[in-house]
Amino acid sequence: MAERCSTLRRGRRRIEFVPAVPPELAARWLASWEGLFGPGRRPVPGLPAKEDLARADEPLGPVVFKRERFSGLGALARRFRLRRTRAARAFALGRAMEAAGVPTPAPLAVVRSPAGRAGFATGLVTRFLAGGGPWEAVARPGGDPEKILQALAEAIAALHRAGFRHRDLKAPNLLVTEEEPGRPAVWFLDLDGAARCLAPPGPATTRRDLSRLAASFASAPARAAGVGPAYWLAFVARYLAARRGAPAAEKEVVRLAAATARVAARRIAHHERTGRPLA
């Protein structure tokens, strides 16, 4: 069970933070939140160079700040609690996943502050982990596709066994680290669309979650890294074995791989029609 958080308020500003964050550090984040994204913003290695992403080195280690701003009707809906903010959802889901042993960068705090006359901004603070996407890990010198597929399968199996679904499983939302040579680990990013289920996801929910990943396996970055159709079949076999603790029958592996690939093909066709790159 996740430990209770503490809360600091300064006028209309508010920060909720985990026990690992000292109150004086939380107070500093609350006071200087907007300044973190100013001209001196430090980009986050391995992530897109967006103005709403920043990195800082703190006494407790490097952290990532992610900001989202609201105005108009969107701000009203969230101000009166008609809708939760992405940061609030990601913070709650990240803590629940961490408590369940699912690999995700530890969430540290969630911030809410005014922005403009009627709007506001929210932000999520997580620990920074050095690494890259799965296709970068496959393509780099010494990258072992078999070990990366296994780490990916074990992480997603752990996610589903713990009763969570990501709902946007794709390469940019998966971080591969290697704390020990030859032992890659996979971490889940961008949890604002994730959900906790009452039980481990059933067949239909599993297919939906894996279908998005199947499309990512067929993306241009995956092909450039040498990832072909056989990789998806190998991943599905490893995923089923990791989730159940025993190898699945070949027919079941082929059936799940084909079903998810069909759904992925529709997504790929949609991206081709709209001209949007597939990640």
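Sorted by first and then second residue, the pairs that involve residues 237-260 and meet ring pair (Phe, Tyr, Trp, His ring centres under 6.0 Å), not counting sequence neighbours, are H160-Y239. Among residue pairs with one or both ends in residues 19-40, those qualifying as salt bridge (Lys or Arg N to Asp or Glu O under 4.0 Å) are R28-E58, E34-R67; sequence neighbours excluded.
Ion pairing of E16 with R95 is absent here, as no side-chain N (NZ or NE/NH1/NH2) approaches a carboxylate O to less than 4.0 Å. Look at E178 and R140 and you find a salt bridge, because one of the NZ, NE, NH1 or NH2 atoms lies within 4.0 Å of a carboxylate O, short of that distance.
In this structure, R212 and N173 have side chains that are not in contact, with every pair of non-hydrogen atoms separated by 4.5 Å or more. Side-chain atoms of P62 and R55, non-hydrogen and from C-beta on, do get closer than 4.5 Å to each other. Using a 4.5 Å cut-off on side-chain heavy atoms (C-beta onward), R243 and T206 make contact. Within the 4.5 Å cutoff, the side chain of L213 has heavy atoms near those of the L174 side chain. The shortest distance between side-chain heavy atoms of R207 and R262 does not fall below 4.5 Å. With a 4.5 Å cut-off on side-chain heavy atoms, K66 and D190 count as touching. V21 is not listed as a side-chain neighbour of S6, based on a closest heavy-atom distance of 4.5 Å or more. Inter-residue side-chain proximity for W232 and L210 is flagged as met; some heavy-atom pair is nearer than 4.5 Å.
Of the inter-residue distances, the one linking H166 atom NE2 with L93 atom CG reads 9.5 Å to the nearest 0.5 angstrom. Here the CD1 atom belonging to I156 is positioned 4.0 Å from the CG atom belonging to L152, to the nearest 0.5 angstrom. T126 OG1 to F65 CZ: the interatomic distance, rounded to the nearest 0.5 Å, is 9.5 Å. Distance CG/L149 to CD/E154: 11.0 Å, rounded to 0.5 Å. Here the straight-line distance linking atom CD1 of I15 with atom OG of S113 works out to 10.0 Å at 0.5 Å rounding.
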Derivation and outcome, side chain to side chain contact (heavy atoms under 4.5 Å, CB included), residues R161 and V102:
CA-CA 9 Å; R161 281 199 312 269; V102 178; over 6 Å; no
Open item on the list: Apply side chain to side chain contact (heavy atoms under 4.5 Å, CB included) to residues S211 and R267 and explain how you reach the verdict.
Closed with: CA-CA 9 Å; S211 295; R267 178 180 289 273; over 6 Å; no
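Grouping the Ile, Leu, Val, Met, Phe, Trp and Tyr side chains by contacts below 4.5 angstrom, directly or via other members, places L25 apart from F128. Criterion: ILVMFWY side-chain heavy atoms under 4.5 Å apart, direct or through other members. Under it, V64 and W187 are part of a common hydrophobic cluster. In the hydrophobic clustering of this structure, L175 does not group with V138; members are Ile, Leu, Val, Met, Phe, Trp, Tyr whose side-chain heavy atoms approach within less than 4.5 Å, directly or through other members. Both L169 and M97 are members of a single hydrophobic cluster when ILVMFWY side chains are connected at heavy-atom separations under 4.5 Å. Grouping the Ile, Leu, Val, Met, Phe, Trp and Tyr side chains by contacts below 4.5 angstrom, directly or via other members, places V44 apart from V110.
Heavy-atom minimum distance, A248 versus V253: CB-CG2, 4.0 Å. Smallest separation of non-hydrogen atoms from A241 and P247: CB-CA, 4.0 Å. For the pair A215 and L278, the tightest heavy-atom approach, listed with the atom from each and the gap, is O-CD2, 3.2 Å. Closest of all the heavy-atom pairs between V176 and A137 is CG1-CB, 3.9 Å. Nearest heavy atom pair, residue W135 against residue A171, reads NE1-CB, 3.3 Å. Here the shortest heavy-atom pairing between A162 and A100 reads CB-CB, 4.1 Å.
Taking the side-chain hydrogen bond (donor to acceptor under 3.5 Å, both in side chains) definition, one finds that R167 meets it with nothing, sequence neighbours left out. Partners of R183 according to the salt bridge (Lys or Arg N to Asp or Glu O under 4.0 Å) rule, which considers only residues two or more places apart in sequence or in another chain, are E180. Among residues two or more places apart in sequence or in another chain, the salt bridge (Lys or Arg N to Asp or Glu O under 4.0 Å) test is passed with R208 by none. In this view, R10 satisfies the salt bridge (Lys or Arg N to Asp or Glu O under 4.0 Å) rule with no residue, not counting sequence neighbours.
Relative ring orientation between F217 and F235 is described as tilted, the plane-to-plane angle lying within the 30° to 60° band.
The backbone N or O of G163 sits nowhere less than 3.5 Å from a side-chain atom of R196 that would complete a donor-acceptor pair. When atom types are taken as modelled, the side chain of R86 and the backbone of D192 share no donor-acceptor pair closer than 3.5 angstrom. A donor-acceptor pair is defined here as one N or O able to donate and one able to accept, closer than 3.5 Å; such a pair exists between the side chain of T104 and the backbone of F188. T85 places a side-chain N or O within 3.5 Å of a backbone atom of A88 that can act as its donor or acceptor partner. For the pair R41 (side chain) and L53 (backbone), a donor-acceptor distance under 3.5 Å is present. Between the side chain of T122 and the backbone N or O of R112 there is no donor-acceptor pair closer than 3.5 Å. In this structure a side-chain-to-backbone donor-acceptor pair under 3.5 Å is missing from K147 to P184. Side-chain N or O atoms of R127 include none that pairs as donor or acceptor with a backbone N or O of L108 at under 3.5 Å.
Considering F17, W29, F91 as possible partners of V125, the one that fulfils the side-chain contact (heavy atoms from CB on, under 4.5 Å) test is W29.
Inspection of the E146 and Q150 side chains reveals no N or O donor paired with an N or O acceptor under 3.5 Å.
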